Amino acid sequence: MTGHVNADGEPALPVHTVGPAGTLEIEAVVDTGFNGELTLPRPQIEALGLPEATVTEVTLADGRVRDVPMYDAEAEFAGSTREIFVTEAPTTPLVGTGLLWGFSLYIEFQVDGAVDVDPLPPSS
């Protein structure tokens, strides 16, 4: 799977997200400080018709702690489809390490640089 570094210098990847009300092709910024799978703002969650699964406590980058809802969804990512949790966040969509687990990540840090995600070989 290939993405790119956007004009703001952020590595971004395409994530095809599926919910009961339809599908969205989302460009999400890679955030290695986020250990979840994917964040989306409320309008995209509503557009997909995602059902709420749970509420979880998160610690934000500034140290504040909040309860945020998580939703059930499917994501087509790096050639496979899997069930994921989407965390609601009022920001640009983010891909976290939970979605990247089992993959290598290569980033060329320059505008329009390549962002490559490849499956890791099975561990022995």
Side-chain angles (χ1 to χ4, degrees):
M1 155 181 269
T2 300
H4 70 279
V5 175
N6 65 27
D8 293 327
E10 302 164 325
L13 292 167
V15 182
H16 187 80
T17 309
V18 180
T23 63
L24 288 175
E25 184 73 30
I26 296 161
E27 182 173 280
V29 171
V30 175
D31 182 353
T32 60
F34 168 51
N35 64 358
E37 295 168 307
L38 181 67
T39 70
L40 292 176
R42 176 165 284 289
Q44 289 178 324
I45 290 169
E46 290 174 351
L48 290 165
L50 300 182
E52 188 172 324
T54 189
V55 174
T56 190
E57 186 177 272
V58 299
T59 303
L60 303 175
D62 65 6
R64 290 180 294 146
V65 177
R66 293 185 31 201
D67 287 335
V68 296
M70 295 176 70
Y71 300 84
D72 287 323
E74 284 187 358
E76 295 174 11
F77 183 78
S80 66
T81 301
R82 59 191 198 193
E83 293 182 14
I84 64 166
F85 283 122
V86 170
T87 305
E88 183 179 329
T91 62
T92 299
L94 301 174
V95 168
T97 58
L99 196 55
L100 292 168
W101 192 257
F103 293 90
S104 67
L105 174 65
Y106 172 81
I107 304 169
E108 294 176 348
F109 279 100
Q110 60 185 0
V111 173
D112 291 326
V115 178
D116 293 318
V117 174
D118 294 302
L120 292 172
S123 58
S124 48

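Values in this document were obtained by computation on a predicted structure and should not be read as measured data.
Crowding of Glu83 atom CD: a count of heavy atoms from other residues, nucleotides or ligands under 6.0 Å not exceeding 12. In the displayed structure, Asn35 atom CG is contacted under 6.0 Å by at most 12 heavy atoms of other residues, nucleotides or ligands. Within 6.0 Å of atom CZ in Phe103, more than 12 heavy atoms from other residues, nucleotides or ligands are found, so the atom counts as buried in its surroundings.
No continuous path of hydrophobic side-chain contacts links Val18 to Leu13 [ILVMFWY only; heavy atoms under 4.5 Å]. Clustering ILVMFWY residues whenever any of their side-chain heavy atoms sit less than 4.5 angstrom apart, transitively, puts Leu94 in a cluster other than the one holding Tyr71. By the criterion of side-chain heavy atoms lying less than 4.5 angstrom apart, applied directly or through intervening Ile, Leu, Val, Met, Phe, Trp or Tyr residues, Phe34 is not grouped with Leu40; the two fall into different hydrophobic clusters. Val86 and Leu100 fall within a single hydrophobic cluster, where Ile, Leu, Val, Met, Phe, Trp and Tyr side chains are chained together by heavy-atom contacts under 4.5 Å. Neither Leu50 nor Val58 shares a network with the other; the hydrophobic side chains, linked directly or stepwise wherever heavy atoms of I, L, V, M, F, W or Y lie under 4.5 Å apart, form separate groups for each.
Listed here is the closest heavy atom pair of Arg82 and Gly98: NH2-O, 3.6 Å. Taking each heavy atom of Ala21 and Gly49 in turn, the nearest pair found is CB-N, 3.8 Å. Scanning all heavy atoms of the two residues, the minimum distance from Glu108 to Val5 falls at O-CG2, 3.2 Å. Nearest heavy-atom pair across Leu38 and Ala28 is CD1-CB, 4.1 Å. Closest approach of Val30 to Leu105, counting heavy atoms only: CG1-CD2, 3.8 Å. Across all their heavy atoms, Phe85 and Glu37 have their closest contact at N-OE1, 2.7 Å.
Of the candidates Thr91, Thr92, Asp31, Val95, Thr39 forms a side chain to side chain contact (heavy atoms under 4.5 Å, CB included) with just one, namely Thr91.
For the pair Val29 and Asn6, the minimum side-chain heavy-atom distance is below 4.5 Å. Residues Glu74 and Thr23 form no side-chain contact, since every pair of their non-hydrogen atoms from C-beta on lies 4.5 Å or further apart. Looking at Ile26 and Pro14, their side chains never come closer than 4.5 Å, going by heavy atoms from C-beta outward. With contacts defined as side-chain heavy-atom distances shorter than 4.5 Å, the pair Phe77/Val117 qualifies.
Atom CD1 of Ile84 and atom OG1 of Thr17 lie 5.5 Å apart (nearest 0.5 Å).
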Can Asp67 and Thr56 be said to form a side chain to side chain contact (heavy atoms under 4.5 Å, CB included), step by step? CA-CA 5 Å; Asp67 287 335; Thr56 190; over 6 Å; no
Assess whether side chain to side chain contact (heavy atoms under 4.5 Å, CB included) is satisfied between His4 and Glu27, documenting all intermediate values. CA-CA 10 Å; His4 70 279; Glu27 182 173 280; 2.8 Å; yes
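Side-chain atoms of Asp8 do not come within 3.5 Å of backbone N or O of Glu10 as any donor-acceptor pair.
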